[in-house]
Every structure is written in C-alpha cells, then in structure tokens.
Amino acid sequence: MSDGDAELEARLAEQEAFEPPEEFVAQANVTDEGIYEEFAENWPDCWEQAAGMLDWFEDYDQVLDDSNPPFYKWFTDGKLNASYECLDRHLDERGDEAAIEWVGEPVEEDNRTFTYDELHREVNEFAAALREMGVGEDDIVTMYMPMVPELTIALLACARIGAPHSVVFAGFSADALATRMNAADSEYLLTCDGYYRRGDPLDHLSKANTGLEGVDHDTQTVVVERLMDGDGFDHDLADDQHSYSEVVAAQAGAEVDPVERDAEDMLFMMYTSGTTGKPKGVKHTTGGYLSWAAWTSHAVLDIKPEDTYFCSADIGWITGHSYIVYGPLALGTTSMMYEGTPDYPDRDRLWEIVEEYEATQLYTAPTAIRAFMKWGAEYPDRHDLSSLRLLGTVGEPINPRAWKWYYKHIGDESCPVVDTWWQTETGGMMVTTLPGIKTMKPGSAGPPLPGVDVQIVDTMGEEVEAGRAGYLTVNKPWPGMLRTLYKNDERFINEYWAEYSDTDSDDPADWVYFPEDGAKIDDDGYITVLGRVDDVINVSGHRLGTMEIESAIVGVEGVAEAAVVGGDHEIKGEAVYAYVILEEGQEPTEEMRGKIVQGVDDAIGPIAKPEQVVFTEELPKTRSGKIMRRLLEQIANGEELGDTTTLRNPEIVAEIQERAQSD
Ligand code: 6R9
C-alpha cells in the first residue's frame, strides 16, 4: 500500500457520513428533498406516482381500499398485464435495444443478448406453448431453474396468460420442490436438464424428478435443454414431460394477447422461511407489486432506459424477481443475468463483466462484498469500472468496513451506495437513502422511503428512544406489500400483524405490520437494522428457518433431538450451528456427522448445511422445557456465556462448550 492509499484508508475509516456525489445528483431521477414531505402530506395518493410508471389498460378507481385491514387493496379495479408492461409497451422505442444481456458460465462463447423484440417473441411463443399444455388463468406454474434466460422468459410468459408463477431456487433440494408444489397445488413445472457450475455440468433433472415423485397430484413438466452436446446426462423424458425447444418450436411466430389482469390478481407467489417448519407462500399482486418494483427501481436504483443494470442475485429469490426482472424491464432498461459464480474462472469475474458490458449499476449482497474484500482490491483493480454510477446492497446488514471497501474499491468514491432494507413480503425496497438526495451513513440503511411509515418500538409497541434497540414496524400499508399467505389468511395475520395490532379492529390505524427484524433509529431518523428476531438464520443473505433445519436433522436415523442456531460468520454473515442428541446406542462418529449434513442437504439444499455439528447428551433447557438458544448462540460465537442459573441443567453448558471448541 502506498502512503497515499494508507492516508485514504485512515480517512475513510473515520468518516461516518458521505454526501451523494455531485455528478450523480446532476443526473439523478429523484433529487427534490421535498418528496418526503410531499408524500407524507399526500398519503396514500402519493402512490399514484408509482402506479403512473405503468400503462394501465383500465384506470383504477381508488388508490387504496383499506376497509378490511390487513387485507388492503391497491389501485382497485385497475386493469393491466405485467408482461405487456415489461415488453409490449417498449417495442416502438426500444424494440432493437437489449432487454436481457445473459452471461453464461464460461464453458464456451455462448452469451446471449435478447432485444425487446426478441424477448417479446420468445415470451409469446412460450406463453402459447403453456396454453397448449392446458395452463389457464390462475393456474400456478412452478419453476425450478438456474439462471438461464428461459427463466425470465417463463416468468413473463406466465404473466402474459395470467398464470401465477412460483419459483423454487435451483439450489433447493428435491424435497423442498415437492413441498412447494404440493402446497401450491401446482400442476406444471418448468425445469432443465442441467447447468454449469465452475465449468462442470451438473445434473438438475434427476433432482427435479426425485422431487416430482413426492408430488401428490398429476403434473406436466417442460424441460429446458441447457447442457451442450456431450455434457448431457442419461435423461429420458417421461410421457408427461416435454422438451422446451420442441414445444416452443411448435408455436413459432405465435402471438398471445396479454390477458387483462385486475390490479389485485396474483402475479406470483414465493415461498420463504418463517418461524415454523412450514414455508410461507407469500402472495404478490399485479398492480401494487409491479408499481412498487418499478417506482423503487426508478427512485433508488436510478434506472434509466439507456442503462445496463447488473443485479447479481438469483431469480430464485425475491431480489431477482423485483430487481432483475420486473422493476428493470418495466422501465425498459437492459438488465443483466449472470449464470455463474463471482470466483470462476477467477476472482475478478464480476469486474470483468462490469467492464465488458459497461454496467452502470451493481446491486449485490454484503456477503459477496465481504468475500471481495477478503480476496483483495487487486481483482477489481485489474478492470476499468468507471461505467458504474450507483452501487447497492441487500439481504443482510452491511458492516461499515465492507460498505467503505465497496464505496472505494468498486465505486471509486464516485458512486452512491444504497443499503436497501426490505423482504420477500414487502415486494420491494422500504428503508434506504434516496441516492440523489440523502447523506449516506455506512452501516445504517437510512430513512424509510417517502410515504413509508416505519417506527422502532419496544415489546409493548411504544416508540423507543433514539439509539436504543427495538423492533422495526411498518405503520401504514404500501402498494408492494404481500396480500396474504397463500390460502392461509389466518397465518398471515398471526405471522405479521398479531404482535402489534388490535386484530378485532377494522380501523387501519390499529394495524401494524411486524417484519420480525430488530432495529434502532438515530436522532436524524436513520435506521440501523440489527437482524432477525425470530428463529430465522440469514446465511449469505438467504433466509433459513431453524425449525426446517432441525426437522431435517431429526429425520436422520439415529438422531433423537436437535437444536440449530445462527452463529457469526466472517463471509456468510451467519452460519448454521447444530447441537444434536443421538438415540441410545448410537455413536457420535464422523459418519453420523456426515449423515446429518447430508440429511440437511437432501431436505433443504447445500446452503443450509451446518458449519458445525456438536453432539451432546442434553440441550440447555429452561425449567419450562424451552431450549435456551441464546446460550447455544453464545457457544457458537465463542462468546462469554450469559446467565445459566435459570436452566434446568446448567452443568450441560460447559460440556457443550468444551465439545464445540475441541471439534
Ligand atoms: C430482500 C431480501 C429479508 C430479511 C429481512 C432482514 C434481512 C434484507 C437488509 C436486511 C439489514 C438490509 N435484510 N436487507 N438486513 N439490512 N439492507 O433479502 O428478502 O430473503 O425475504 O430476507 O433479510 O432480516 O427481514 P428476504
């Protein structure tokens, strides 16, 4: 490091606030500070600005119908189609411009550009193929796909014919696929033969087929051929399975009119983890969700049609839905899709892509930034990243050191960084600075977006003082919010509203949304999100329920009981730590440990695999028999232990601690 660098590092380390770069402000989509007051005074009509980003087939009557909280309706009786919004309406002006730049794993030169015209054609053909298979309006189509262009095509094809999609992350297990298809009564699946990881072909269809065996109703499957000749596995398609290229070829040139969907009609559902073992099917609508995705893409990501915008998330998660597909394409921009990992063939892969495509925004996760930081600045330094105008992060809290590294080494101190807090359930961003207006404070996401009403409260629902830890709550509905949990209104109320609402009231003022995150607020209204307060672990920005992992472990033969907690991890943020009691006569062998790890892999997927499995004869329990997870977390983190006197079995704690350390 040169002296100049050292000086700069020292200055950055001390600096707590950063102003938006002037050059950025001069061109930003939103620059008038008055927007905060304007939206507050004009709520909920302010959200006409979000709806106004779309071209509606039929105008809505009412911005918000809050007559039956928490079942809010937005843009009532408005009619639109998400596929039309993301494709058709751009064709006149942007038909020849790139909609999707797809960058494949570098197994050969097979990157693909889809112009809006081309994407429109592909979406129409696949929409026709889906119809031909019998998919009707409101039939749920499941996708179990890696980051290939057909995934985006399929989402928009479903939207075109009014069939809600349910995407299951390709890294999830066969069991996870079956559970989700069963829960959604989904009769259609889109998957692929395989894909490439670090240059090697990976069999995906066998996993999908295992999943299909667990589905309790008839299904039809479409299989995308991603692998190249010679890399294929021995796959025979069953009678109820069709080749993607064949069904699409049969519809060459077909055009499908985008169906008129009501604003409140379901656009998609997405399963996410919660406190109990059963994943939650979060339902999003067409009008509110799409308005929210488009408006936040415009205001926070500063997307303009001529941009080449790069979000490195996977479409298997909500970030990919809102900020690779729906938001950016609704704005008519070029959205990148990257199939591979950031470190293959080398650790400069993302920077190579940014340089080659002249990406203008990069939206990624703190876990990735921490890995980049660990690998060192030499990798981004190899490339010209000056095309970048804005940087974003999402998924988990970002520590100030990682924020500053990102700001300096990727953004060259000339790009604002937006730290965006939101969830699967919120549909899009909720708390973040507006990049053309607000001072940035590393580690703090920022104020709520204009028109978003957030309070930090104590267990009684009273606002806590500035600087004190409390619970994040949202006190007014917003267009992008989930409408319910699929076919489970009761769980919807219990999970998100019951904690702080008067659930007997039909006055919206008595209803408060609780996202189950802890947070604190500064005097100036900036919010620092502290993390989940439920039994959810955030591994590399991915939500995993401890109960789901525990039930996978208990499902392994020979295991009697298990407790799982999240412990700190340098790169992943949090990692899974498992404490396991074996049945009588079972030995705590390495083989058993292997079976447990495999059991989690089979039930959920590799991301949920425990970092450490500690065998014990007992778990620390309170007198009422509740597992003291706090103590297990402290053990996982190698921290000093808190009070153990209220335990039924205090002596076990030291023993577990010893075993965890000797492993
Ligand atoms: C978009 C997404 C949601 C949970 C959320 C919170 C954590 C997300 C964050 C953040 C601190 C941020 N989270 N963004 N925590 N700062 N900027 O990640 O959705 O997968 O549903 O996870 O992620 O704990 O409750 P999802």
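Both counts, for ligands and for their atoms, begin at 1 and track the order of listing. Worth knowing before you read on, the calculation uses all heavy atoms, side chains too, and leaves out hydrogens, waters and symmetry mates. In this text, all values refer to a predicted model and were calculated from it rather than measured experimentally.
- Crowding of R401 atom CZ: a count of heavy atoms from other residues, nucleotides or ligands under 6.0 Å not exceeding 12.
- Among Y271, Y496, Y486, the one residue that satisfies the side chain to side chain donor-acceptor pair (under 3.5 Å) test with K280 is Y496.
- Heavy-atom neighbours of R468 CZ from other residues, nucleotides or ligands within 6.0 Å: at or below the threshold of 12.
- For the pair S444 (side chain) and I527 (backbone), a donor-acceptor distance under 3.5 Å is present.
- For ligand 1, the 4.0 Å heavy-atom shell contains residues I318, T319, V394, G395, E396, P397, D419, T420, W421, W422, Q423, T424, D517, V529, R532, N538, R543.
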Verdict with reasoning, I627 to Y579, per side-chain contact (heavy atoms from CB on, under 4.5 Å): CA-CA 11 Å; I627 298 171; Y579 301 86; over 6 Å; no
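- A cation-pi arrangement is present between R180 and F172, with the terminal nitrogen or guanidinium carbon under 6.0 Å from the aromatic centre and inside a 45° cone about the axis.
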